Every structure is written in structure tokens, then in C-alpha cells.
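Reviewing the structure listed below.
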Amino acid sequence: MESRYKSFVAIENLADHIGQTVTLSGWVYDKTEKGKLVFIKLRDGSGIVQCVLFKPNVSEEIAGNAQQLTQESSVSITGTVRAEQRAPSGVELDVTDVRIWQLSKDYPITPKEHGVEFLMEHRHLWLRSARQHAIMRVRARVIKAIRDFFDGNGFRLMDSPIFTPNACEGTSTLFETEYFDLGKAYLTQSGQLYAEASAMALGKVYTFGPTFRAEKSKTRRHLTEFWMVEPEMAYFDLNDDMDLAEDLVEYIVQSCVKDCQRELATLGRDVSKLEAVRRPFYRMSYSEAVDWLNKNNVKLNRKQPDGSEIQIDFPWGEDFGAPQEEAIMQQFDRPCIIHRYPSEVKAFYMKRDPDNEKVVLAMDMLAPEGAGEIIGGSQREDNHDLLLERLRHENLPEDAFQWYLDLRKFGSVPHAGFGLGVERTVKWITGAEHIREVIPFPRMIYRIVP
RNA sequence: UCCGCAGUAGCUCAGCUGGUUAGAGCAUCUGACUGUUAAUCAGAGGGUCCGGGGUUCAAGUCCCUGCUGCGGAGCCA
């Protein structure tokens with residue numbers, strides 16, 4: 001059989017083929033008839049184009065094929081490409097032939113409104129809708145930008161394992177599984193510890209893959225399975241780390257602005273807000289942020305032992321919740337990095353600030369427009385004895401961390417890194433309402449199907 | 001896990017202080033139309049009112065319970 005590989009014309013490139021006869025293969029997105037005209041909206045995965053068939057111009061058989069078509073029928077349509085001002089994409093196809101591969105029956109997702117539950121049950125089909133299609137293309141562009149950025153800046157990809165014997169931070173809940181005769185294994189919640197070992201071997205590395213959190217979170221910014229990219233750099237301090245994070249995020253956003261104009265338009269995204277995402281971003285220390293909250297009268301809701309709630313000034317030492325982060329970000333049109341958090345609320349591996357023992361050299365990047373935290377990172381503790389002390393303080397199993405402690409015995413150096421949540425970044429850039437829309441098949445506390 | 005809300009046609013929903021044969025729009029099917037793009041017009045079919053129990057002369061409607069889902073909080077990327 002002759003390969004069709006070379007002869008495919010993608011709908012997104014049709015404007016380059018005006019006046020030519022082409023064959024498009026795809027699926028029927030919508031069809032309407034008006035007298036002797038049949039309008040077929042065809043999608044092929046790259047875009048949508050309206051194909052117009054005038055019955056007197058074709059045989060009865062071809063006209064019959066066109067009239068039979070139902071939503072999501074698979075079809076190859078041949079015709080002449082014509083510039084058309086009325087069309088959203090600027091082109092239409094004048095149909096001369098229609099070949100049916102399969103007629104679809106009772107496709108459940110109509111062009112009308114649907115509820116969330118129904119759409120999630122049909123996620124495997126929902127992905128075909130224009131909006132979901134646009135989001136997935138932006139997602140692919142974000143991932144490409146991440147890889148391009150690191151590959152082009154001297155980083156090496158070093159994959160971390162997904163099965164791990166121990167917790168990274170010891171706090172979050174882990175998914176547990178049997179591992180042959182070796183007892184329990186866990187699905188990784190971060191590749192960072194392994195990335196640190198990799199950085200000592202290759203200097204600048206990044207690890208990129210899925211991560212798993214068994215937290216029973218039920219919000220519009222949590223998944224139980226999500227993708228994270230984690231760079232780790234030898235001889236980087238916190239400032240180097242923050243500079244890198246800003247460069248990366250600026251590069252990702254501007255890549256999408258440049259290459260995803262059609263997708264962002266489909267999504268109704270205000271692109272000017274993305275264009276504004278240029279360095280330098282804002283920065284403030286945790287202590288400055290607490291001062292700002294109290295100066296601006298942003299109170300903390302605190303539950304009393306009797307169940308009632310009172311509002312108090314934000315106490316230094318408490319971790320920020322979503323309401324505090326949102327209040328802080330309302331003043332900014334670009335991301336903001338908050339750094340030097342109280343050591344008590346942060347993970348054991350973060351390095352204490354030599355200028356203030358109460359805080360660690362940690363940083364979070366918050367995105368504007370309500371998108372919230374997209375990055376968490378830190379300079380790591382590189383002193384063996386201090387790290388061991390922190391491990392014991394957190395009651396973590398020393399044995400399991402022997403290899404990690406080794407990194408501080410054999411040529412320990414200052415180093416830093418961070419994790420960027422791919423889905424949160426895509427949610428911000430696309431303006432999606434819920435994180436479940438920005439990953440093809442979301443895994444959430446109450447959903448594992450399809 | 002905690003706090004709130006919801007479940008009626010394939011889909012999105014309405015259904016009043018309980019009252020006789022269960023409502024609309026869209027989708028589907030039939031017909032009309034040479035510019036529709038949320039097409040329009042005429043007609044047709046389509047219901048275990050989430051499950052179980054209770055109150056009542058009478059329950060889609062009120063009460064109890066279970067299930068499913070949604071929104072928010074905490075945790076975090």
C-alpha cells in the first residue's frame with residue numbers, strides 16, 4: 001500500500017495552499033445544511049476548516065456521502081482551497097470529493113454546554129473539542145520550551161527513578177506499592193534528592209517526569225499525578241537559583257506568546273498580560289511579605305478550640321495559605337518570588353540563612369492573575385553534620401538517607417535547585433479554570449477513569 | 001479529612017406553601033431553504049424524577065439514610 005505520509009496537508013497550513021486541490025483527512029466537527037449547500041467543519045488535529053459542498057457541482061453519490069456525515073465521523077475530503085474573509089481562519093475548501101472511513105453514531109459531546117462531571121466521564125472524547133485541543137497544544141509548547149531552555153543552557157537531562165524506597169520530604173503522603181521481596185516501595189513525590197546526586201556528577205542537570213502525591217487535596221490546583229521539571233545546579237546559591245527561575249519562566253511564557261497565538265485566541269486569553277511577563281520579576285522576603293499583609297490588614301482566620309473562627313494579625317512563622325498568596329499577588333502584573341521562609345515550615349534539606357538562623361534559603365514563585373505557586377526551590381544544606389541533625393529533628397529514617405548524606409562527605413559544594421509544576425504553569429498561561437483541564441488524563445482524589 | 005451545595009429526557013436546566021396526564025432549549029429522526037458557523041422554520045420520537053426507607057388521602061416536591069458529583073479549606077508544584 002502506498003504511504004500517505006508525504007501527501008498529508010495539515011489544516012493549520014492551508015493558507016499556504018490557496019488555489020490548490022488538496023485532500024484533508026480528519027473528523028467531522030460539525031455539519032449544517034442549507035438547501036443545496038452542505039457545510040462541513042473538518043478537524044484534523046491541527047485545526048478546523050469549513051468545507052463547502054454545492055450539490056449541483058458533484059455527483060449524487062458524493063453529495064449523499066456529505067449529507068450522511070455525523071459529528072466525529074472520520075472522513076477524507078478533497079477540494080480546492082479558497083481564501084474566504086467570512087471564515088475565522090481565512091480559508092475554506094470547495095469540496096469535490098468525500099470519502100467516508102466510518103460514520104459515527106450518537107457522539108455524546110455536542111457543541112452545546114455540558115457539565116463538568118459529564119465531560120470528565122468522557123475525557124477521552126472531550127480532548128477533541130476546540131478548547132481542550134488548544135490547551136493541549138499550549139501544554140506541548142510549554143514542555144518543549146522547558147526542554148529547549150535547559151538543553152540550550154548547558155544542562156543535562158538526568159531522569160530520577162519513579163519507584164523510591166523513602167520519602168523525600170517526609171511530610172506528604174505517598175502512594176505505596178509492593179516491591180518483590182524488598183518490602184514497600186513508594187511512587188516518587190519529587191526527583192530532587194536524586195537530582196542532587198546527578199548535579200554532583202554532571203554539574204547542571206534537570207530531571208523531568210511525573211510525580212505522585214497521595215494528599216487528599218480537593219482544589220482546582222491539585223492533581224495526584226502531575227509533571228514537574230526540577231533543575232539542580234552545583235555551585236549555585238539562592239540568588240543564582242532565583243535568577244534561573246525567572247529566566248526559565250520568562251522563556252516559557254514568551255515562547256507561548258510567540259508560537260501559540262491561535263490557541264490563545266481560541267481560549268480567549270488576554271495575551272497582553274502574558275506579554276508583560278518580562279524580567280525582572282518582583283521579589284520580597286517572607287518577613288517583608290508578613291509586614292505587607294499586616295500593613296494592608298489582610299487577616300488570618302484562626303479556628304478556636306470551641307470551633308468558632310477569629311481573625312488575627314498574620315503571625316511571623318506561620319506558612320502562607322492561598323488567601324495570603326492571592327492578596328500579595330493582586331498588586332503584581334508579573335510573577336513574584338518570596339524567599340527566606342521560616343525554617344520550621346520548610347523541608348529538612350534546605351540550608352539555613354547564615355545571616356538569620358530562623359529562616360532557610362528557600363523561595364517560591366507565585367504567578368499573577370490568581371494562578372498562585374508555580375515554583376518551589378531552595379539552596380540545599382551542604383554541611384553533613386547540620387543535615388544529619390535536621391534529619392534526626394524531623395524523625396526521618398537515617399538508614400534510608402545514607403546515600404544522600406554521602407553527597408556531603410565526598411566533595412560537598414553549595415548547590416541549589418527548584419521544581420516547576422508543569423500543569424500549574426499551563427493553567428496560568430491558558431487561563432484554564434481548573435487544573436484537570438491542562439493534563440490529558442487527570443488523576444485526582446476521586447477520579448482515575450478514563 | 002472538614003465545611004457548604006447538588007442529583008428530573010442523550011445534554012443543560014425549570015418544576016411555587018405536596019394536588020390530577022412530567023416541562024423547555026439543545027441533540028436525534030423526517031421535511032423546506034445557495035452562506036450557515038449557538039442557523040432558521042414545520043413536525044416526530046424520547047422519562048426507573050440517583051438508590052433504599054418513612055410521613056401523607058396524595059411525594060419529583062417533606063423527613064431519614066446510602067451512593068455519586070461539584071465548590072471551598074488545609075497540604076503542596
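Everything quoted here is computed from the prediction, not taken from an experiment.
No hydrogens or angles were tested; on distance alone, nothing pairs the side chain of Arg220(A) with the base of rC70(B) as donor and acceptor under 3.5 Å.
To the nearest angstrom, C1' of rG31(B) lies 11 Å from CD of Glu33(A).
Distance from the side chain of Glu215(A) is smallest to rC76(B) among rC70(B), rU34(B), rC76(B). Comparing atom distances between the Glu117(A) side chain and each of rA73(B), rU68(B), rU12(B) picks out rU68(B) as nearest. Residue Lys216(A) places its side chain closer to rU1(B) than to any other of rG74(B), rA77(B), rU1(B).
Counting non-hydrogen atoms under 4.0 angstrom, Ala87(A) reaches nothing in the nucleic acid. Within 4.0 Å of Glu92(A), counting heavy atoms only, lies at least one base atom of the nucleic acid. Using a 4.0 Å heavy-atom cutoff across all strands shown, Lys41(A) reaches at least one base atom of the nucleic acid. The residue His122(A) sits apart from the nucleic acid: no heavy atom pair falls under 4.0 Å.
When ring centroids are compared, Phe149(A) and Tyr206(A) stay outside the 6.0 Å threshold.
Minimum heavy-atom separation, Met120(A) to Pro450(A): O-CD, 3.4 Å.
Going from atom CZ of Arg279(A) over to atom CG of Asp243(A) covers 4.5 Å, rounded to the nearest 0.5 Å.
Remark: Glu61(A) engages no residue in a salt bridge (Lys or Arg N to Asp or Glu O under 4.0 Å) (not counting sequence neighbours).
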